[in-house]
Visitor: 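Please read through the structure below; I'll follow up with questions.
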Amino acid sequence: MDYRRTTIKDILAKTPGERVEAYGWVKTKRDSKGVSFVQLNDGSCFTDLQVVIEAGTLPDEDLKRVSTGACVMFAGELVESPAAGQAVELRGETITIYGEADPASYPLQKKGASFEFLREIAHLRVRGNTFGAVMRVRNRASYAVHRFFQERGFNWIHTPIITASDCEGAGAMFAVSTLLEAEPTPEGTQFRLKDTDPANDFFGKPAYLTVSGQLNVETHALGLTNVYTFGPTFRAENSNTPRHLAEFWMIEPEMAFCDIEGDMNLAEEFVREVIGDVLDHCGPDLDFFNKRIEPELLQTLEHVVNSGFERLTYTEAIKLLEASGENFEFPCDWGSDLQSEHERWLTEKKIGRPVIVTDYPKEIKAFYMYGNDDGQTVRAMDVLVPRIGELIGGSQREDRLDVLESRIVELGLPLEAYWWYLDLRRFGSAPHSGFGLGFERLVMYLTGMKNIRDVIPFHRTPGQADF
RNA sequence: UGCCGCAUAGCUCAGCGGUAGAGCAGCUGACUGUUAAUCAGCGGGUCGUAAGUUCGAAUCUUACUGCGGCAGCCA
């Protein structure tokens with residue numbers, strides 16, 4: 001056996017008359033008096049291969065073991081299908097059974113399982129239509145992300161997962177420590193704290209899982225010019241929503257000699273190109289999502305590829321919201337952050353496609369964003385999209401040493417902790433910009449899936465780390 | 001973390017004070033090509049856990065646990 005085999009995707013593209021071997025997992029089996037039909041899928045494509053077994057061809061005891069979930073190989077001749085539903089089918093002549101799946105206890109059935117239930121059997125759910133399609137789209141989108149940046153000369157930078165700077169300010173962090181000792185007890189594992197002084201810990205100081213690679217990757221933009229990260233990110237927030245994970249994958253491009261305008265151009269070009277790539281390469285999967293998950297998916301994706309994003313300043317957005325006549329739960333006045341309901345109204349109702357909002361009040365944005373001449377706003381930009389909300393958050397970075405230093409002091413942050421970040425402005429500073437994009441949110445947008453826990457193989461959320 | 005909702009067969013759900021139901025799945029059989037196959041029959045449940053109200057609780061009350069939705073935090 002070798003991975004260089006004929007997959008079901010290959011088989012479906014062959015012409016009738018050839019002899020083939022089809023490996024895969026059984027979706028369903030239908031029996032008639034003289035003939036049995038098996039839907040076989042190996043994940044290589046959305047479409048199943050129909051295997052037809054004439055009565056008497058295979059021993060009854062073998063055929064009986066072919067049930068939903070079983071892993072088998074059928075060999076035989078590929079023939080033109082006499083019935084509607086598929087162009088070709090495999091006439092099964094011999095069978096190898098690799099793994100049975102007891103029908104009485106195999107949890108997947110051919111119809112009607114909720115996503116909530118499937119999350120409990122996340123080790124098996126990828127064998128179904130929806131999760132097979134999600135993972136193929138996720139894979140293609142990952143490839144498209146790298147392709148996009150590589151074709152434009154961006155260097156992929158592997159920023160650290162463990163960080164000792166607790167100064168990133170992007171949210172609650174998971175501590176990384178060896179001071180906590182696990183002890184097996186009759187009641188289960190208990191933790192014991194060996195020491196409370198970080199000086200005696202593994203790194204000799206407090207360490208955490210990264211909440212963003214941005215500060216790190218800025219160093220490489222100021223040397224390699226155009227760079228990006230694509231890796232896991234961790235947030236210890238107690239967030240219980242369909243769009244937050246404790247562990248997720250983030251994409252963060254960073255560009256030297258680039259201002260907020262260039263940053264927006266990249267964000268827009270990036271999103272449109274990745275969507276276009278997935279539209280070109282995941283047709284059958286997207287057709288399925290369009291039919292079963294989100295009726296306007298294809299229309300929306302094609303619309304985004306073919307039309308630009310709307311661009312608004314925060315001040316303009318507030319004016320639109322005030323003039324909307326909508327009865328919002330939270331009032332919107334200049335200076336407070338846009339609430340989910342405001343973002344949704346802007347992108348879903350008012351504009352009807354992705355919107356980039358820029359120039360937010362400095363008080364509601366991070367310390368490192370470039371201050372505008374008005375002294376009130378910073379060069380921040382958020383990309384808001386229908387159904388998802390905030391897909392991208394980015395900014396032009398403050399590259400003036402004195403301005404950045406006074407901003408850090410103003411916010412009561414420890415200047416010394418930022419010594420290397422400030423060095424970037426001290427030695428050869430350059431205008432630079434970048435953004436962060438939550439990869440799972442992009443996959444949600446691409447598939448129409450409503451819960452972020454269903455677009456990652458094994459989700460980590462508060463109270464959930466199974467598998 | 002706050003507010004709201006849900007928890008009944010393997011799955012999806014109905015029942016909402018009087019002692020447990022359907023569809024699908026499973027099992028047995030029928031049917032010469034099905035494609036969420038169809039048809040007939042059979043088996044399957046301490047109604048999330050604990051306490052309370054009541055002659056009587058799946059049904060009403062409270063707490064807890066789990067899950068989901070909305071909000072906040074953000075990507």
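Residue numbers begin at 1 in each chain, while the letters A, B, ... track the order of the sequences. The analysis underlying the following values was restricted to heavy atoms, covering all of them including side chains, and did not include hydrogens, waters or symmetry mates.
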Visitor: Could you tell me whether the side chain of A:Lys9 and the main chain of A:Gly43 form a donor-acceptor pair under 3.5 Å?
Guide: no
Visitor: What's the gap between B:U8 and B:A14 when it is taken at their C1' atoms, as a whole Å value?
Guide: 10 Å
Visitor: Are OP1 or OP2 of B:A75 and a side-chain N or O of A:Thr233 less than 4.0 angstrom apart?
Guide: no
Visitor: Where along nucleotides 29-35 of chain B does protein come under 4.0 Å, by heavy atom, of base (B) or sugar-phosphate alone (S), with - for untouched nucleotides?
Guide: --BSBBB
Visitor: Counting just side-chain N and O atoms, does A:Asn451 come under 4.0 Å of either OP1 or OP2 of B:G69?
Guide: yes
Visitor: So which one's nearest nucleotide on RNA chain B is more toward 5', A:Lys64 or A:Leu437?
Guide: A:Lys64
Visitor: I need the single residue from A:Asn129, A:Val134, A:Leu301, A:Leu446 that forms a side chain to side chain contact (heavy atoms under 4.5 Å, CB included) with A:Phe289. Which is it?
Guide: A:Val134
Visitor: Classify the nucleic acid contact of A:Leu245 as base, sugar-phosphate or nothing, counting any heavy atom under 4.0 Å across all strands shown.
Guide: base
Visitor: If you apply the rule salt bridge (Lys or Arg N to Asp or Glu O under 4.0 Å), what do you find for A:Arg19 with A:Glu77, and how did you get there?
Guide: CA-CA 4 Å; A:Arg19 296 195 60 78; A:Glu77 187 188 352; 5.4 Å; no
Visitor: Applying the Watson-Crick and G-U wobble criteria at under 3.5 Å, what pairs with B:U12? Answer none if nothing qualifies.
Guide: B:A22
Visitor: Using a heavy-atom cut-off of under 4.0 Å over every strand shown, decide if A:Ser36 touches base, sugar-phosphate, or nothing.
Guide: nothing
Visitor: Whether A:Arg119 engages the ring of A:Phe117 as a cation-pi pair (distance to the six-membered ring centre under 6.0 angstrom, angle to the ring normal within 45°) should be assessed.
Guide: no
Visitor: In whole angstrom, give the distance that lies between atom CD1 of A:Ile388 and atom P of B:C74.
Guide: 19 Å
Visitor: Using a 4.0 Å heavy-atom cut-off across all strands, classify A:Ile251 as base, sugar-phosphate, or nothing.
Guide: nothing
Visitor: Should B:G5 form a Watson-Crick or G-U wobble pair with both distances under 3.5 Å, which nucleotide is its partner?
Guide: B:C67
Visitor: Distance check, C1' atoms only: B:G33 and B:C16, in whole angstrom units.
Guide: 47 Å
Visitor: Determine whether the side chains of A:Glu21 and A:Tyr23 contain a donor N or O and an acceptor N or O closer than 3.5 Å.
Guide: yes
Visitor: Classify the side chain of A:Ser239 and the base of B:C74 as holding, or not holding, a donor-acceptor pair under 3.5 Å.
Guide: no
Visitor: Report the base-pairing partner of B:U46 (Watson-Crick or G-U wobble, both distances below 3.5 angstrom), or none.
Guide: none
Visitor: Any non-hydrogen side-chain atom of A:Val383 less than 4.5 Å from a side-chain atom of A:Phe435?
Guide: no
Visitor: Hey, what's the ring geometry for A:Trp345 with A:Phe328, parallel, tilted or perpendicular (30° and 60° as the breaks)?
Guide: perpendicular
Visitor: Can you tell me if the side-chain N/O atoms of A:Arg344 get under 4.0 Å from OP1 or OP2 in B:A71?
Guide: yes
Visitor: Is the ring of A:Phe439 stacked on the base of B:A75, with centres less than 5.5 Å apart and planes under 30° off?
Guide: no
Visitor: Start with the C-alpha distance between A:Asp259 and A:Arg379, add both sets of side-chain angles, then the distance that settles salt bridge (Lys or Arg N to Asp or Glu O under 4.0 Å), and finish with yes or no.
Guide: CA-CA 9 Å; A:Asp259 61 11; A:Arg379 291 187 189 167; 5.9 Å; no
Visitor: Which nucleotide wins on minimum distance to the side chain of A:Ile452, given the candidates B:A75, B:U12, B:C67?
Guide: B:A75
Visitor: Is it true that A:Tyr228 and A:His146 have ring centroids separated by less than 6.0 Å?
Guide: yes
Visitor: Which nucleotide, if any, forms a Watson-Crick or G-U wobble pair with B:C39, using both distances under 3.5 Å?
Guide: B:G29
Visitor: Taking the P atom in each of B:G5 and B:U61, what is the distance between them to the nearest angstrom?
Guide: 11 Å
Visitor: Does A:Arg453 contact B:C67 through a side-chain donor or acceptor facing the base, at a distance under 3.5 Å?
Guide: no
Visitor: Ignoring hydrogens and angles, state whether a donor on the side chain of A:Lys362 or A:Asn372 is under 3.5 Å from an acceptor on the partner side chain.
Guide: no
Visitor: So, OP1 or OP2 of B:A71: does either fall under 4.0 Å of a side-chain N or O from A:Gln339?
Guide: no
Visitor: Does the ring center of A:Phe439 lie less than 6.0 Å from the ring center of A:Phe230?
Guide: yes
Visitor: Taking only the side-chain heavy atoms of A:Pro103 (C-beta and beyond), determine which of B:C74, B:C73, B:G26 contains the nearest atom.
Guide: B:G26
Visitor: Determine whether any donor atom in the side chain of A:Arg243 lies under 3.5 Å from an acceptor atom in the base of B:A75, or the reverse, and answer yes or no.
Guide: no
Visitor: How many whole angstroms separate atom NE2 of A:His244 from atom P of B:C70?
Guide: 12 Å
Visitor: Check each residue of residues 10-24 of chain A for a non-hydrogen atom within less than 4.0 Å of any atom in RNA chain B, then write out the ones that pass by number, or none.
Guide: none
Visitor: Any base atoms under 4.0 Å from A:Phe117, or only sugar-phosphate, or nothing? Heavy atoms, all strands.
Guide: sugar-phosphate
Visitor: Suppose we call a contact any N or O donor and acceptor under 3.5 Å apart; does that hold for the side chain of A:Gln109 and the base of B:G10?
Guide: yes
Visitor: Can you tell which of B:A75, B:C73, B:G26 lies closest to the side chain of A:Met250?
Guide: B:A75
